[in-house]
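Below is one structure; the comments refer to it alone.
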Amino acid sequence: MFVSFWALLTTCSCRTRPATAFGPVGGATTRPDIDFRVPDGKIVYRALADGGFLFKKFHFSGLVYIKSWNDTAVRAVFQNEMGYTFFDFGWDAKDSFQVHDIIGPMNKPALIKTLKKDLELLLGKGLPKAPTLKRKDENGNETYRYPLAKGVADYRFDTSGHLFEIQNKSEKERPVVTICMRPPGNKPLSDTLSIRHHRARFKISFTRIVPIDPHALN
Amino acid sequence: MWKKNRLPWLVAFGAMVLLAAPIRSVGQDLKGYTPIENTRSLQNDLTKNTSLIRSLTSDFVQTKHMSMLEDKVISKGKFYYKQNNKVRIEYQSPFQYIMILNGGQMIVKDENKSNKINMRQSKTLQSANKVMIDCMRGTILENTDFQSRAYENKTQYLLLIEPKDNAMKALFQKIQVVLSKKDFSVQRWSMYEKGGDFTDMDFVNQQKNTDLPDALFNVR
């Protein structure tokens with residue numbers, strides 16, 4: 001049991017592993033099975049963020065609410081526990097991005113770009129329809145690479161074919177953002193997510209919560 | 001962008017706004033209410049009844065109404081108040097989150113960490129704090145930083161509080177507090193955001209003047 005647990009950890013770890021060189025994706029049948037749709041049409045996460053700049057650390061929390069319409073248009077809202085909206089982002093059916101609302105202190109182009117990219121990696125927005133390259137590491141995990149406007153997005157699958165990590169890398173192959181999902185599956189919006197920003201040095205963890213049903217109150 | 005981290009202040013602001021609720025709160029439409037032209041009598045009754053509340057314990061249901069998304073996010077928890085300026089708001093479902101305000105200090109605790117905030121360092125927070133204190137003392141209608149109006153129907157008073165300061169206006173459009181005419185207890189508090197979304201906080205199962213240990217309000 002211990003061995004199998006260890007094997008699970010090593011094969012699905014969110015660390016970069018030695019791998020064979022990238023090669024072309026061979027045909028439509030080898031495309032990874034990723035379901036970018038929002039589970040059940042909407043999902044609510046408890047979000048906790050930690051980071052630091054120089055000697056000053058920060059920590060804050062809130063709720064992330066993601067809702068889709070017809071599996072195409074999507075809204076993502078981040079609010080604090082008291083219901084105050086920090087930002088409200090949206091994508092239409094053509095993946096066009098729009099900031100519907102954002103509070104003053106967060107209304108910075110660099111921050112919006114960062115948050116937008118995180119969410120787009122999870123929602124599959126702005127991605128080419130198919131990966132251009134793939135590779136297999138020594139543990140049998142497969143990585144499918146999608147070119148982005150700047151850098152690349154690597155979607156990593158374990159030997160069972162389940163997505164367990166998304167990594168955004170720079171043109172120089174340096175990791176910029178790593179997103180780990182648990183449990184691994186075919187939906188990036190899994191029950192728990194860990195988003196690590198390597199350059200900005202902050203981490204956000206998402207844990208899915210079950211919203212209270214308004215009808216249950218009556 | 002993260003170095004200018006003002007989010008804790010916003011969290012604190014939300015707490016301050018909530019503080020106004022314990023005293024008397026709820027948000028609603030003005031439909032069915034008529035304006036009270038002379039608020040002197042209400043002001044006196046408010047002050048008189050508020051001074052009688054040494055402590056308050058209440059369950060609450062918070063509902064965030066997201067107009068564009070046509071959906072709601074609901075949370076529940078416990079609210080505690082102790083004279084003169086101690087408040088504890090404890091979210092219990094569907095997440096754990098505690099916010100304690102005690103004097104000029106505030107602490108928030110989530111699943112992972114505690115975050116202590118000195119409210120005296122922010123003018124906006126001080127202003128929000130003043131709203132809270134005025135509500136506690138029953139003098140909210142006299143606060144010159146906000147435009148306050150009062151309305152009534154057969155069973156309730158409704159206080160409408162709108163900020164005059166631009167910094168506060170950027171944070172919220174208005175707060176509505178609904179009080180029972182019977183005992184001046186807060187039934188609902190609502191905060192309206194600029195974009196049209198609003199959050200209601202309904203207070204139920206209220207118990208007044210029970211013994212609440214100071215440990216509940218520890219900010220250390």
Inset, instruction - Select, from B:Met66, B:His65, B:Lys72, the one with the greatest count of heavy-atom pairs under 4.5 Å involving chain A. - result: B:Met66
Legend entry - CD (A:Glu171) with more than 12 external heavy atoms under 6.0 Å: yes
Inset, instruction - Take atom NZ of B:Lys78 as the centre, draw a 6.0 Å sphere, and report whether it contains more than 12 heavy atoms from other residues, nucleotides or ligands. - result: yes
Legend entry - Heavy-atom pair with the smallest gap, counting every atom of B:Asp110 and A:His59: OD2-NE2, 2.5 Å
Inset, instruction - Mark yes when over 12 heavy atoms from residues, nucleotides or ligands other than B:Lys208 sit less than 6.0 Å from its NZ; otherwise mark no. - result: yes
Inset, instruction - Determine the minimum heavy-atom distance between B:Lys64 and A:Tyr84, stating which atoms define it. - result: NZ-C, 4.2 Å
Inset, instruction - Give, for atom OH of B:Tyr97 and atom CG of A:Asn80, the distance between the pair rounded to the nearest 0.5 Å. - result: 6.5 Å
Inset, instruction - Please report the closest heavy-atom contact between B:Pro94 and A:Ile212, naming both atoms and the distance. - result: CD-CD1, 4.0 Å
Inset, instruction - Mark yes when over 12 heavy atoms from residues, nucleotides or ligands other than A:Arg196 sit less than 6.0 Å from its CZ; otherwise mark no. - result: no
Legend entry - Side chain to side chain, A:Thr207 and B:Glu111, heavy atoms closer than 4.5 Å: no
Legend entry - chain B contact via A:Val77 - side chain, backbone, both or neither, heavy atoms under 4.5 Å: side chain
Legend entry - Test item: A:Met82 and B:Met99 side chains (from C-beta on) under 4.5 Å apart, heavy atoms: yes
Legend entry - Any donor-acceptor pair under 3.5 Å from B:Gln62 side chain to A:Glu81 backbone: yes
